[in-house]
Amino acid sequence: MSFTPRQLNTLLSECRIADRFKIRRMIDRARKDEKILAHAAEKIDESIQWVEKRTNRDEIHYPDLPISARRDEITKAISENQVVVLAGETGSGKTTQLPKICLDLGLGCKGLIGHTQPRRLAARTVASRIAEELNTTLGDRVGYQVRFHDQVSDTTQVKLMTDGILLAETKHDRFLEQYEVLIIDEAHERSLNIDFLLGYIKRILPKRPDLKVIITSATIDLERFSKHFNDAPIIEVSGRTYPVDVLYRPLHELEGEDEKAIDMQQGILAAVEELLDMERKQGRGPQGDILIFLPGESEIREAADLLRKADLKSVDVLPLYARLSLAEQNRVFQRGKGSVGTRIVLSTNVAETSLTVPGIKYVIDTGLARVSRYSYRSKVQRLPVEAISQASANQRSGRCGRVSEGTCIRLFSEEDFFSRPEFTDAEIRRTNLAAVILQMLSLKLGDISEFPFVDPPDNRYINDGFKLLQELGAVDSKRHITRIGWQLSKLPIDPRLGRMVIEASRNNCLREVLIIVSALSIQDPRERPQDKRQASDEKHRLYAHEESDFLTFVNLWDLYEEQRQALSQNQLRKYCLKNFLSYMRMREWRDTHRQLHIICKEIKEQDSKFIEREEPASYEAVHRSLLAGLLSHMGFKQEGKEYLGARNRRFFLFPGSIVYKKAPKWVMAAELVETSQLYARCIAKVDPVWAEKLGPHLVKKNYSEPHWEKKRSEVVATEH
DNA sequence: TGGGGATTT
């Protein structure tokens with residue numbers, strides 16, 4: 001049998017999307033060579049079989065959810081438009097039912113239905129819920145991929161993943177041809193990943209007319225998404241929620257002429273009493289639990305003390321924040337057998353997005369949150385306590401309307417509420433952009449100021465990001481990516497950390513630095529429960545290094561490896577418990593380390609200077625390598641506890657560090673974050689000469705590089 | 001003497 005190129009080309013539309021380009025090129029190049037055309041025909045046949053194998057005609061059932069009633073309308077919008085914006089609050093069923101609606105449309109055969117979530121846990125749980133509703137096992141028709149876990153097979157039609165995974169895939173699948181549909185969920189969270197993806201997708205749409213995109217969001221700033229995608233239609237689905245009564249109880253009360261201020265803590269207590277009173281008057285007994293939003297750990301602790309001391313009958317006070325151990329967090333999610341009264345959960349922003357506290361009937365909102373903001377002027381990351389946006393306050397109050405009618409007390413006035421910004425600033429507007437810029441350079445996305453971001457970052461932030469990349473040697477003075485830059489872009493870690501790895505390969509201390517860098521890119525595995533601070537500190541001191549928080553990580557790693565090889569998994573868990581270590585985070589540390597190790601081997605194959613040796617390295621070799629990523633985080637001791645750093649920054653050592661007591665003359669820090677003061681966290685004693693040795697190729701070229709004048713023995717920052 | 005929350009080829 002022989003085929004004409006034209007016959008073959010018409011068959012292409014039946015093929016798997018990811019195969020089409022390759023086969024089309026084969027046909028074009030074949031001209032009339034029958035052998036090649038026959039080969040192309042074979043490939044087409046294989047591809048069509050792949051599609052048919054996935055075509056499933058099982059009837060899909062929809063549970064009774066608000067979105068199910070709107071199925072026809074949604075189906076129509078998806079078939080008629082390339083991009084659809086779907087808004088719906090929690091309980092609308094959008095996350096679980098949308099992929100099923102796509103399947104019903106016959107999508108998911110010629111390519112995957114890709115569905116992104118901001119968090120790994122969500123990707124996994126959503127995947128198993130959809131698999132269950134489709135009566136299939138996880139990894140078959142419905143799969144998921146998150147960092148370290150891949151449960152996707154040849155038969156997978158719906159793939160749940162974190163948005164970070166999809167972003168990473170753009171590196172080897174430029175036009176995301178694996179996918180027939182992309183669902184970007186929780187777009188309103190506007191994380192760096194989501195904003196980058198929304199820009200990237202907008203760019204590839206003209207080249208992928210067969211791709212369907214659905215942006216889903218809470219009912220927040222919908223027109224913005226619609227406008228970004230050429231006025232894509234918006235469909236709003238109601239959530240299954242109950243009305244929430246919002247009461248304003250400002251801390252500043254006007255009494256005649258005088259303004260009387262109440263302390264936030266007293267305001268919280270008064271609000272709790274008001275809610276409990278209300279229940280008592282209704283005489284129906286406890287109706288549900290109270291969730292209180294506060295900005296941080298210290299405020300939570302203070303409020304917890306106050307509420308426990310107050311004479312409240314049968315209440316259970318439970319703090320909730322991310323640094324809490326799993327056991328402590330579980331108290332919030334599992335109601336103990338003996339508990340009968342009202343639970344009062346005191347929480348940071350974790351409960352606004354990442355976690356759902358069950359059984360909440362009342363919310364008390366201080367209207368405050370700690371927000372990370374990077375200042376391009378002082379080149380410092382800050383964590384100020386700020387008034388939250390209207391959208392954020394509404395998200396918080398929405399947390400009490402999920403089981404029945406709820407009541408939310410806001411500890412600020414209605415006037416205050418309406419004077420606040422409508423939406424929370426997107427992360428891209430308040431963060432250092434070095435990592436984003438490096439990714440864009442390695443993807444060859446062209447001029448960053450031309451990239452179609454939903455919220456384009458300020459030019460000053462872009463310039464500042466380039467400056468850091470220059471300091472790291474990742475770009476040259478013309479802003480072109482260097483060899484180091486290419487290597488950094490392969491490492492899934494912060495560019496500063498990546499720079500340490502590259503330097504370490506040249507200083508023969510990759511073993512130590514890989515351990516350190518993987519520790520720095522996860523959450524600290526050491527636990528410090530509030531009621532066992534002394535006990536945990538004692539255990540943590542066992543492997544502490546007196547001059548370096550970094551080498552403390554290496555000591556812990558070595559100690560743990562010994563235990564891990566000697567003990568069973570169960571014994572290892574007990575070991576963690578006894579030594580105040582988080583078993584999960586220790587595993588995360590090892591997984592990260594393994595991943596980085598594999599990538600280093602790949603880099604080594606292309607770079608003969610990249611050396612890996614197993615002998616223990618010296619203090620100097622390790623810290624010189626770390627310093628390559630932390631040049632602007634050095635400091636020289638001043639009077640008292642103060643240090644002078646680059647750009648005349650004055651900072652203090654974080655008191656939790658072992659190095660704090662020694663207070664060495666010269667230090668470097670993994671992080672400088674301004675809270676009540678500018679604190680250096682994760683620190684080590686260094687010799688300033690190391691920076692000079694490292695410096696020559698960096699120091700002179702750079703804008704604000706600190707250099708060290710020995711005679712004056714002080715840090716001088718230069719600006720050209 | 002003290003710091004919100006996520007994520008990655």
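A note on names: the letters A, B, ... follow the listed sequences, proteins ahead of strands, and every chain is numbered from 1.
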message: Would A:K641 and A:Y660 count as a cation-pi pair here, with the cationic atom under 6.0 angstrom from the ring centre and within 45° of the axis?
response: yes
message: Heavy atoms only, 4.0 Å cut-off, all strands: where does A:A322 land among base, sugar-phosphate and nothing?
response: sugar-phosphate
task: Look at all strands and tell whether A:R681 reaches a base, only sugar-phosphate, or nothing, counting heavy atoms closer than 4.0 Å.
output: base
field: Proximal nucleotide (of B:dG3, B:dT1, B:dG5) relative to the A:Y660 side chain
entry: B:dT1
message: Just N and O in the side chain of A:T162: are any of them under 4.0 Å from OP1 or OP2 of B:dA6?
response: no
message: Nearest heavy atom decides the nucleotide; on that basis, is A:V146 or A:S372 closer to the 5' end of DNA chain B?
response: A:S372
field: Spacing between A:E189 atom CD and B:dA6 atom C1', to the nearest angstrom
entry: 8 Å
Length of the CZ-P vector between A:F148 and B:dT7, whole Å: 11 Å
query: Between B:dG5, B:dT9, B:dG3, which one does the side chain of A:S354 approach most closely?
result: B:dG5
task: In whole angstrom, give the distance that lies between atom CG of A:L433 and atom P of B:dT7.
output: 21 Å
Interatomic distance where CD belongs to A:E642 and C1' belongs to B:dT1 [whole Å]: 16 Å
query: Does B:dT8 have OP1 or OP2 sitting under 4.0 Å from an N or O in the side chain of A:R120?
result: yes
field: Among B:dT7, B:dG3, B:dG5, the one nearest A:R119 by side-chain distance
entry: B:dT7
- request: Report which part of the nucleic acid A:V673 touches: base, sugar-phosphate, or nothing (heavy-atom distance under 4.0 Å, all strands).
  value: base
task: Could you tell me whether A:R382 contacts a base, only the sugar-phosphate backbone, or nothing, with contacts defined as non-hydrogen atoms closer than 4.0 Å?
output: nothing
- prompt: Which heavy atom of A:L320 sits nearest a heavy atom of A:V350, and at what distance?
  reply: O-CG2, 4.0 Å
From CG (A:L472) to CG (A:L630), nearest 0.5 Å: 9.0 Å
field: A:Q677, nearest nucleotide to its side chain (from B:dG2, B:dA6, B:dT8)
entry: B:dG2
task: Determine the contact category for A:Q595: base if any of its heavy atoms lies under 4.0 Å from a base atom, sugar-phosphate if only primed atoms, P, OP1 or OP2 are that close, otherwise nothing.
output: sugar-phosphate
A:R420 CZ: over 12 foreign heavy atoms closer than 6.0 Å: yes
message: Applying a 4.0 Å non-hydrogen cut-off, can you work out what A:F652 is touching in the nucleic acid: base, sugar-phosphate, or nothing?
response: nothing
- request: Indicate yes or no: at least one non-hydrogen side-chain atom of A:T162 is less than 4.5 angstrom from one of A:R147.
  value: no
- request: Side chain of A:Y321 only, please: which of B:dG2, B:dT9, B:dG5 is the nearest?
  value: B:dG5
message: Whether the side chain of A:R301 and the base of B:dG2 hold a donor-acceptor pair under 3.5 Å is what I'd like checked.
response: no
message: Over all strands shown, is A:E297 touching base, sugar-phosphate only, or nothing at heavy-atom distances under 4.0 angstrom?
response: sugar-phosphate
- prompt: At under 4.0 Å, does any side-chain N or O of A:T675 touch on OP1 or OP2 of B:dG3?
  reply: yes
message: Can you see whether A:F293 has A:R399 sitting over its ring - NZ or CZ less than 6.0 Å from the centre and within 45° of the normal?
response: no
field: Touch class at under 4.0 angstrom, heavy-atom based, for A:S489 against every strand present
entry: base
- prompt: When the distance from CD of A:Q381 to P of B:dG4 is rounded to whole Å, what number comes out?
  reply: 12 Å
message: Without decimals, in angstroms, what is the distance between A:L176 CG and B:dT9 P?
response: 15 Å
message: In this structure, how many angstroms lie between the P atom of B:dG5 and the CG atom of A:D163, rounded?
response: 19 Å
query: Which part of the nucleic acid does A:Q523 contact within heavy-atom distance under 4.0 Å: base, sugar-phosphate only, or nothing?
result: sugar-phosphate
- request: Would you mind reading off the distance between A:L197 atom CG and B:dT8 atom C1', rounded to a whole angstrom?
  value: 12 Å
message: With a cut-off of less than 4.0 Å, is there a side-chain N or O of A:S676 near OP1 or OP2 of B:dG3?
response: yes
message: Checking A:S372 against A:Q381: is there a side-chain donor and acceptor pair closer than 3.5 Å?
response: yes
